*Asks:* 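Encoded as structure tokens, here's the structure I'll be asking about.
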Amino acid sequence: MEQEDYLETIYNLKKDKGYVRVSDIADDLGLSKPSVTQMMQRMKKDGLVDYKPYKPLQLKPRGMAIGKKVAERHRVLTG
């Protein structure tokens, strides 16, 4: 799974629920929590998310821009 998929999922969950937890991402993408946690740690290093264990995570401006772009592109393609 690519970072863009995670960013789109985080963007959509944040828009719908107002907050995003690792378990929300795991449920939405059908992945294990450890897999999602590992990716969040990598994305934190890349400056895309603000991730702290056991806390809701936030998209940083760059992550937000990518997530929004991917979500909008997906929406256009699926109608």
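Remember, predicted model here, so these are calculated numbers, not experimental data.
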*Asks:* Within the 4.5 Å heavy-atom criterion, are L57 and Y19 side-chain neighbours or not?
*Replies:* no

*Asks:* Name all residues meeting the side-chain contact (heavy atoms from CB on, under 4.5 Å) criterion together with S35; count only those two or more places apart in sequence or in a different chain, and write none if there are none.
*Replies:* S32

*Asks:* With side chains defined as the heavy atoms from C-beta onward, is the minimum distance between K52 and D50 less than 4.5 Å?
*Replies:* yes

*Asks:* In this structure, are over 12 heavy atoms from other groups packed under 6.0 Å from Q38 atom CD?
*Replies:* no

*Asks:* Applying side-chain contact (heavy atoms from CB on, under 4.5 Å), can you list everything that pairs with S23, at least two apart in sequence or on another chain?
*Replies:* R21, K33

*Asks:* Any carboxylate oxygen within less than 4.0 angstrom of a Lys/Arg side-chain nitrogen, looking at K17 and D24?
*Replies:* yes

*Asks:* Identify whether V36 and M1 are in the same connected component of the hydrophobic contact network (ILVMFWY, side-chain heavy atoms under 4.5 Å).
*Replies:* yes

*Asks:* Is M40 close to I10 at the side-chain level, that is, under 4.5 Å between some pair of heavy atoms?
*Replies:* yes

*Asks:* Below 4.5 Å, heavy atoms only, C-beta onward: do L48 and K60 meet side chain to side chain?
*Replies:* no

*Asks:* With salt bridge (Lys or Arg N to Asp or Glu O under 4.0 Å) as the rule and sequence neighbours excluded, what pairs involving residues 62-79 come up?
*Replies:* E4-R73

*Asks:* Below 4.5 Å, heavy atoms only, C-beta onward: do Q3 and D46 meet side chain to side chain?
*Replies:* yes

*Asks:* Taking C-beta and beyond as the side chain, do Y6 and L31 meet within less than 4.5 Å on heavy atoms?
*Replies:* yes

